[in-house]
Amino acid sequence: MSSKEQLYKELYTKARVISNGINVKPGIFKNIALGSEYMEQVHGLAESDRHTHVGVDFPCHFTSPSGIVYNFVWDLRSPITIEYRDGNYYLFDTGKELFPITFAKRPHYYGLKTSDGVEMSHIANFTPGNTVRAAYSNECSLKDKGLDCLFCNANVTKDTYAEKEDIKWKTPKQIAETVAAAYKYDGSRHIQITGGFIPERREVEYYLDVAEAIQEHLGKKDFDGNACVGAPQDISIIEKYKEAGYRTIAINIEFWDKNFFKTICPGKEQECGGFDHWVEALEYSASVFGYGNAGTNFVAGIEPKEKTLEGIEYLASKGVVATAGAFNPNAGSKLEGHRSPWEEWNIDLAQKAYRIYKNAGFTFDNLYYVAPADNTLIHDVFKIEEGLL
Ligand code: SF4
């Protein structure tokens with residue numbers, strides 16, 4: 001078992017991977033059976049890689065010997081590489097070998113089909129922490145008005161991959177069957193329903209139908225579901241998600257500086273009543289779902305760190321768990337070619353966020369059930385501090 005000091009040392013490596021991505025030649029993965037034994041990327045919503053790779057399979061994530069889980073993000077400019085030797089893969093930083101790595105195995109449900117013949121791997125992604133993440137739509141209607149969030153490439157991802165990978169909108173039944181399979185075969189215990197904005201903001205009806213279908217398939221009311229939605233104009237609608245059986249809700253505000261919010265998320269500003277309304281929706285969510293059962297996310301590293309921390313602290317005081325994943329300049333977004341913050345910046349933010357959570361009384365489970373995966377740096381700090389690795 002690794003000591004706390006060793007784990008923090010490794011976290012620095014992970015923060016470098018997050019910041020720089022990983023530089024490999026695609027052929028490096030020919031030795032693992034991606035798409036049969038090992039889990040391949042499926043482009044259900046927003047691509048994380050920094051270059052597109054149509055027709056070339058990449059892995060989703062990998063684990064180090066200490067149990068820390070890394071996302072695979074492709075960036076040909078990175079000093080971090082993966083090399084294959086004697087049947088094993090190793091992580092290298094600037095030419096120096098660090099440790100062997102193990103790629104994530106494909107979950108059983110990826111090999112199954114829904115009753116109408118669609119591959120379940122195309123319905124919902126399996127993410128670190130055994131979470132099922134279903135993006136009901138693979139596009140965002142903000143595109144029609146030219147109001148996409150500047151860091152987001154959801155619509156570009158659809159244009160690049162949807163036809164080739166046969167990714168479409170999902171029906172509630174398809175999602176329910178996939179969740180039931182993941183819960184049955186793959187030890188999954190948490191589902192997040194997400195997606196881009198639907199024209200005229202009609203997502204609530206869809207989320208209610210999905211909840212009902214999942215409950216029917218699982219045979220229970222509480223299906224450990226998280227509804228990730230945009231702030232509704234009428235905040236009383238939030239009660240409907242709770243009544244439908246979602247355990248938690250996430251409304252991603254992305255920035256705490258009002259001007260950054262307005263500039264980087266013009267659609268969220270114009271279509272959802274503006275920044276103050278978004279904050280009001282979050283506070284109301286915590287009152288409806290309960291302390292620690294409402295969440296949001298910040299895109300960390302575009303606005304000043306102090307501002308993001310101010311937001312995390314303010315929202316924690318209201319019972320809202322705010323995650324802060326590092327900004328990833330993915331392929332095709334308006335911020336492609338920008339830089340993610342340096343590793344020290346990201347680790348400092350994660351450690352400070354963890355302390356805010358602890359002061360607020362949030363548990364790891366609070367964080368787990370509002371997030372789409374459990375391997376952000378804040379999750380890692382939580383795991384290291386509380387012996388969860
Ligand atoms: S609301 Fe913004 S972040 Fe969400 S899918 Fe649309 S463009 Fe992307």
Side-chain angles (χ1 to χ4, degrees), residues 32-46 48 57-63 69 71-72 102-138 157 161-162 164-195 203 206-229 241 244-250 365 368-375:
I32 49 171
L34 283 172
S36 53
E37 189 181 352
Y38 290 88
M39 185 160 60
E40 75 282 20
Q41 292 181 4
V42 179
H43 297 92
L45 191 58
S48 294
D57 275 343
F58 276 146
C60 302
H61 49 271
F62 58 86
T63 307
V69 180
N71 290 336
F72 176 83
T102 314
F103 290 101
K105 289 273 178 83
R106 212 170 189 244
H108 180 77
Y109 81 85
Y110 268 38
L112 304 178
K113 288 188 175 174
T114 59
S115 55
D116 57 356
V118 178
E119 289 177 56
M120 289 188 180
S121 61
H122 290 200
I123 302 296
N125 297 125
F126 196 58
T127 67
N130 292 5
T131 294
V132 184
R133 185 172 188 246
Y136 57 85
S137 74
N138 58 331
T157 302
Y161 296 96
K164 315 261 180 341
E165 294 185 2
D166 195 24
I167 308 283
K168 301 193 174 101
W169 283 53
K170 290 89 183 173
T171 67
K173 191 173 180 202
Q174 289 171 333
I175 292 181
E177 288 174 355
T178 305
V179 171
Y183 277 34
K184 181 173 179 185
Y185 299 113
D186 297 302
S188 191
R189 58 190 175 96
H190 174 37
I191 161 85
Q192 183 185 67
I193 310 293
T194 186
E203 62 255 34
Y206 181 86
Y207 277 74
L208 266 44
D209 289 348
V210 170
E212 199 180 326
I214 295 175
Q215 286 159 342
E216 213 175 284
H217 278 77
L218 290 181
K220 58 179 182 178
K221 171 98 175 144
D222 184 0
F223 55 96
D224 298 323
N226 170 265
C228 182
V229 298
Y241 292 100
Y246 287 94
R247 178 194 276 213
T248 62
I249 193 164
D365 268 2
Y368 178 79
Y369 284 109
V370 297
D374 80 342
N375 68 329

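Keep in mind it's a predicted model, so treat the numbers as computed, not measured. All heavy atoms count here, side chains included; hydrogens, waters and symmetry mates do not.
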Pairwise salt bridge (Lys or Arg N to Asp or Glu O under 4.0 Å) hits with a residue in residues 168-191, at least two apart: Asp166-Lys168
Taking all non-hydrogen atoms of both residues, which atom of [X] and which atom of [Y] are closest, and how far apart?
| X | Y | value |
| --- | --- | --- |
| Gln192 | Arg133 | OE1-NE, 3.1 Å |
| Met39 | Phe126 | CE-O, 3.4 Å |
| Thr194 | Tyr207 | CA-OH, 3.5 Å |
| Ala124 | Tyr109 | O-OH, 2.9 Å |
| Tyr110 | Val42 | CE2-CG2, 4.4 Å |
| Ala176 | His217 | CB-ND1, 3.5 Å |

Okay, side chain of [X], backbone of [Y]: is any donor-acceptor separation there less than 3.5 Å?
| X | Y | answer |
| --- | --- | --- |
| Glu40 | Arg106 | no |
| Thr248 | Tyr369 | yes |
| His190 | Asp224 | yes |
| Gln174 | Ile123 | no |

If you round to the nearest 0.5 Å, how far is [atom2] of [Y] from [atom1] of [X]?
| X | Y | atom1 | atom2 | result |
| --- | --- | --- | --- | --- |
| Ile193 | Tyr206 | CD1 | OH | 7.0 Å |
| Ser48 | His61 | OG | NE2 | 12.0 Å |
| Thr178 | Glu119 | OG1 | CD | 11.0 Å |
| Ile175 | Ile191 | CD1 | CD1 | 6.5 Å |
| Asp374 | Thr131 | CG | OG1 | 6.5 Å |
| Ser121 | Gln41 | OG | CD | 13.0 Å |

Quick one: do the Asp116 and Thr114 side chains pair a donor with an acceptor below 3.5 Å? yes
Does the side chain of Asp57 come within less than 4.5 Å of Tyr38's, by heavy atoms? no
Taking the six-membered ring for Trp and the single ring otherwise, decide whether the centroids of Phe223 and Tyr183 are under 6.0 Å apart. no
Parallel under 30°, tilted from 30 to 60°, perpendicular over 60°: which one fits the rings of Phe58 and Phe72? tilted
Parallel, tilted or perpendicular: which one describes the rings of Trp169 and Tyr136, with boundaries at 30° and 60°? perpendicular
Sequence-distant partners of Phe62, ring-ring contact (aromatic ring centres under 6.0 Å, His included), two or more places apart: Tyr70, Phe103
Test log, rule side-chain contact (heavy atoms from CB on, under 4.5 Å), inputs Ile32 and Glu37: CA-CA 8 Å; Ile32 49 171; Glu37 189 181 352; over 6 Å; no
Using side-chain contact (heavy atoms from CB on, under 4.5 Å) as the criterion, point out the one residue from Leu45, Val118, Asn138 that pairs with Ile167. Asn138
